[in-house]
Amino acid sequence: CGVFPADMAELRALPGVGDYTAAAVGAIEFDAPAVPVDGNVERVVTRLFAIEDELPAAKLEIKRLAASLLPSRRAGDFAQALMDLGATICSPKRPACALCPWNESCLAFARGDSGEDTVPTNIAALLEEIAQESRVSGHATSVAFQGEPVVRVRPQAFKRCIANLVGNAGRHGTHAAILGEHAEGHLTIAVDDDGPGVPFEEQEAVFKPFYRLDNARNLDESGTGLGLPIARDIARSHGGDIALSDSPLGGLRVTVTIPA
């Protein structure tokens with residue numbers, strides 16, 4: 001009797017077997033390093049990376065990015081989990097973003113596709129909360145704020161933006177300083193550290209998804225290569241932006257500016 005092939009090329013060569021079936025059988029049955037891409041997976045990947053091209057033009061890009069997520073082992077479990085994520089949480093009309101294990105790395109969520117409203121928010125209190133959480137994590141963190149503290153923002157997204165920057169400051173230096181100011185129609189928040197900094201020639205490049213610095217400093221707390229791009233997307237979704245410069249503490253200064 002015949003033996004069902006475990007090799008991906010041999011699977012694809014079977015009559016009536018396409019890329020999806022071959023990847024599904026290969027990953028789930030034989031733990032082959034493949035990602036079956038169905039409609040649910042397409043939706044997850046499209047949101048995770050904020051792909052703007054329409055289907056079917058985006059299919060090749062979706063497959064490439066889906067493959068980049070593949071772990072080094074248990075490909076079958078990953079494939080089933082990814083399909084289940086799209087079917088149950090990352091649904092077409094009402095995604096449960098708060099329950100998603102990838103919401104911290106999701107560009108669509110960062111850009112506001114979660115549906116979070118802008119509301120008056122006490123920024124001074126929010127910064128103190130972030131600083132306290134940083135201190136609890138063992139990082140020396142100071143905070144100062146000047147001006148009217150209440151500004152309209154999407155509070156969860158904006159907190160994630162600043163907390164990401166403060167977390168990286170604490171991770172790469174011995175001291176982080178948060179300086180906030182609301183004046184002349186703008187909210188400006190600078191996060192300083194005394195770590196190794198970022199070379200000037202790389203200060204724009206680090207905003208590219210998946211860009212990794214060669215030295216010990218990496219601005220992505222999560223390890224996906226999306227940390228700083230997500231922070232910039234959150235700032236831009238508020239009508240502002242992020243810039244990098246040298247810190248007076250000797251490391252990196254990350255400045256978030258939004259209209260307020």
Side-chain angles (χ1 to χ4, degrees), residues 48-50 65 68-69 102-111 123 126-146 153 157-182 186-260:
L48 183 64
F49 296 96
L65 291 171
S68 75
L69 300 170
W102 279 347
N103 63 14
E104 291 295 321
S105 298
C106 180
L107 283 171
F109 182 69
R111 290 177 177 178
I123 301 298
L126 184 145
L127 296 181
E128 180 56 48
E129 182 179 336
I130 293 171
Q132 182 58 31
E133 290 171 357
S134 178
R135 295 178 196 120
V136 169
S137 298
H139 306 307
T141 307
S142 61
V143 60
F145 188 87
Q146 294 181 340
V153 296
F158 196 73
K159 179 181 178 181
R160 181 149 44 99
C161 171
I162 305 303
N164 175 275
L165 303 177
V166 172
N168 278 290
R171 187 158 64 97
H172 294 292
T174 60
H175 178 245
I178 311 170
L179 305 173
E181 182 180 28
H182 184 192
H186 288 87
L187 172 66
T188 303
I189 298 171
V191 179
D192 288 306
D193 67 58
D194 57 356
V198 174
F200 176 79
E201 61 272 15
E202 293 191 88
Q203 287 183 0
E204 184 61 29
V206 293
F207 287 105
K208 298 176 181 178
F210 310 112
Y211 187 87
R212 306 298 295 269
L213 290 168
D214 291 334
N215 61 20
R217 177 149 200 150
N218 190 300
L219 291 174
D220 177 18
E221 185 82 20
S222 67
T224 61
L226 291 171
L228 196 54
I230 281 178
R232 172 171 267 186
D233 273 332
I234 293 173
R236 287 181 170 176
S237 74
H238 286 81
D241 209 342
I242 291 181
L244 306 185
S245 59
D246 294 334
S247 168
L249 297 182
L252 181 69
R253 165 169 284 188
V254 186
T255 303
V256 178
T257 305
I258 65 170

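All figures in this text were calculated on a predicted structure; none of them were measured in a lab.
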[X]: partners by side-chain hydrogen bond (donor to acceptor under 3.5 Å, both in side chains), with sequence neighbours left out:
X	value
S245	none
S134	T141
E181	none
Q146	none

(Q) Any non-hydrogen side-chain atom of I123 less than 4.5 Å from a side-chain atom of I189? (A) yes
Measure the [atom1]-[atom2] distance between [X] and [Y] for me, rounded to the nearest 0.5 Å.
X	Y	atom1	atom2	value
L69	L48	CG	CG	6.0 Å
I162	L126	CD1	CG	8.0 Å
L179	T188	CG	OG1	11.0 Å
L165	T255	CG	OG1	9.5 Å

Locate the shortest heavy-atom distance separating [X] from [Y]; write the atom from each residue and the value.
X	Y	result
E133	K159	OE2-NZ, 3.0 Å
A169	V191	CB-CG1, 3.9 Å
I178	A131	CD1-CB, 4.1 Å
V256	A235	CG1-CB, 4.1 Å
A50	A108	CB-N, 4.2 Å

Q: Any salt bridge (charged side-chain N to carboxylate O under 4.0 Å, His left out) involving residues 248-260? Give me the pairs, sequence neighbours left out, ordered by first then second residue.
A: D192-R253
(Q) Could you work out, with side-chain contact (heavy atoms from CB on, under 4.5 Å) as the rule, every residue matching R236, not counting sequence neighbours? (A) R232, D241
Q) Can you name the side-chain contact (heavy atoms from CB on, under 4.5 Å) partners of H175, sequence neighbours left out? A) A140, S142, A177, D194, L249
Q. Going by the ring-ring contact (aromatic ring centres under 6.0 Å, His included) test, which pairs reach into residues 235-260, not counting sequence neighbours?
A. F158-H238
Q) Hey, mind stepping through R135 and V143 against side-chain contact (heavy atoms from CB on, under 4.5 Å) and telling me if it holds? A) CA-CA 11 Å; R135 295 178 196 120; V143 60; 3.9 Å; yes
Q: Please list, chain by chain and in numerical order, all residues satisfying salt bridge (Lys or Arg N to Asp or Glu O under 4.0 Å) with D246, sequence neighbours excluded.
A: none
